[in-house]
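In what follows, a single structure is set out as structure tokens and then discussed.
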Amino acid sequence: LDQQQLKVEAAREALASVRSGMNLGLGSGTTANEFVKLLADEVKSGRLGFIRCTSTSARTEELATSLGIQVFSLAQVSPIDLAIDGADEIDKDLRLIKGRGGALLREKIVEQQAKRFIVIADETKLVDKLGAGVLPVEVTPFAMDVLMIRFQEMGLDPVLRLRDGRPRITDEHHTIIDIRIPEDLDIAEVVVSLREHAGVVETGFFPREATEAIIATSAGLKKMKR
Ligand code: A5P
């Protein structure tokens with residue numbers, strides 16, 4: 001199976017946890033999109049009824065709506081029974097890095113409002129140590145330039161996320177600075193020091209939000225539970 005098929009397999013397995021009448025949180029990214037598509041099929045066929053969804057991004061909302069899934073505000077579907085979302089990195093303790101697609105703030109808000117949060121991913125997302133790639137940090141535009149300098153001084157190798165040559169603006173109207181976790185530090189320590197800086201809104205480190213993970217590997221499904 002190629003990576004795309006693995007994403008579909010993980011999404012299909014997560015769908016088995018959805019029951020009629022549930023309030024759902026829909027994730028963002030290519031893996032979460034597969035879940036939204038499968039969910040739409042179930043709703044359309046009538047196999048699942050009375051599902052109420054909220055979304056972690058404007059993009060997912062667009063996709064869901066285009067497939068006939070009505071999207072409600074977060075408050076309207078709270079408490080959320082189940083959130084399903086992808087991740088960029090997953091470690092053995094079910095800690096995550098998210099946000100390489102830029103939706104980390106709404107994702108964290110929605111997923112902290114969910115009783116269960118199942119991460120769906122293909123095997124490429126499993127890491128020994130979080131920080132194999134960048135950690136996205138959402139910051140206010142007002143602070144962006146000075147935070148870039150401070151993060152540089154902290155040895156975090158900051159890169160401002162761009163789109164079409166301009167700072168990428170998130171759904172919550174912030175910008176994103178991607179940083180590197182220094183080899184000798186744990187991500188949790190780095191996040192504590194990042195959060196001391198006014199203008200840092202949120203980071204893509206999700207230490208305890210996920211309650212379960214479904215990882216599709218070429219050898220079959222691997223499941224994790226907190
Ligand atoms: C969106 O901001 C991210 O947190 C995604 O959940 C994450 O990037 C995973 O995306 P893919 O499923 O596209 O890899």
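Order of listing sets the numbers, starting from 1, for every ligand and every atom in it.
Heavy-atom separations between G102 and ligand 1 include at least one value shorter than 4.0 Å.
The closest protein non-hydrogen atom to atom 7 (C) of ligand 1 is D88 OD1, 3.2 Å. S28 O, 3.3 Å is the protein heavy atom nearest to atom 5 (C) of ligand 1. Summary of contacts: the protein heavy atom closest to atom 11 (P) of ligand 1 is T30 OG1, 3.2 Å. Among all non-hydrogen protein atoms, the one lying nearest atom 1 (C) of ligand 1 is E107 OE2, 3.1 Å. For atom 12 (O) of ligand 1, the closest non-hydrogen atom of the protein is T31 OG1, 2.5 Å. Annotation: atom 2 (O) of ligand 1 to nearest protein heavy atom, A103 N, 2.8 Å. In terms of protein heavy atoms, atom 6 (O) of ligand 1 is closest to K98 NZ, 2.8 Å. Of the protein's non-hydrogen atoms, the one nearest atom 10 (O) of ligand 1 is G29 CA, 4.0 Å.
No side-chain heavy atom of I120 sits under 4.5 Å from any side-chain heavy atom of D85. In this structure, the side chains of E42 and V18 stay at 4.5 Å or more apart for every pair of heavy atoms. Counting heavy atoms from C-beta outward, L24 and L39 have side chains that approach closer than 4.5 Å.
Remark: the E138 side chain and the T170 side chain contain an N/O donor-acceptor pair separated by less than 3.5 Å. Inspection of the E34 and Q4 side chains reveals an N or O donor paired with an N or O acceptor under 3.5 Å. Neither side chain, T54 nor Q76, offers a donor N or O lying under 3.5 Å from an acceptor on the other.
Nearest-heavy-atom check against atom 9 (C) of ligand 1 across S57, A87, A32 picks out A87.
Remark: of the listed residues R95, K125, K129, R100, R100 is the sole one forming a salt bridge (Lys or Arg N to Asp or Glu O under 4.0 Å) with E89. Considering K223, K225, R116 in turn, R116 is the only one that fulfils the side-chain hydrogen bond (donor to acceptor under 3.5 Å, both in side chains) rule with E212.
For ligand 1, the atoms sitting less than 4.0 Å from at least one non-hydrogen atom of G101 are 1 (C), 2 (O), 3 (C), 8 (O), numbered in the order shown with element in parentheses. Close approach to D85 involves these atoms of ligand 1, each under 4.0 Å from a residue heavy atom: 6 (O). The K125 neighbourhood of ligand 1 comprises atoms 11 (P), 12 (O), 14 (O), with distances under 4.0 Å to a heavy atom of that residue.
Between K98 and D88 there is no salt bridge, since no side-chain N of the basic residue sits under 4.0 Å from a carboxylate O of the acidic one.
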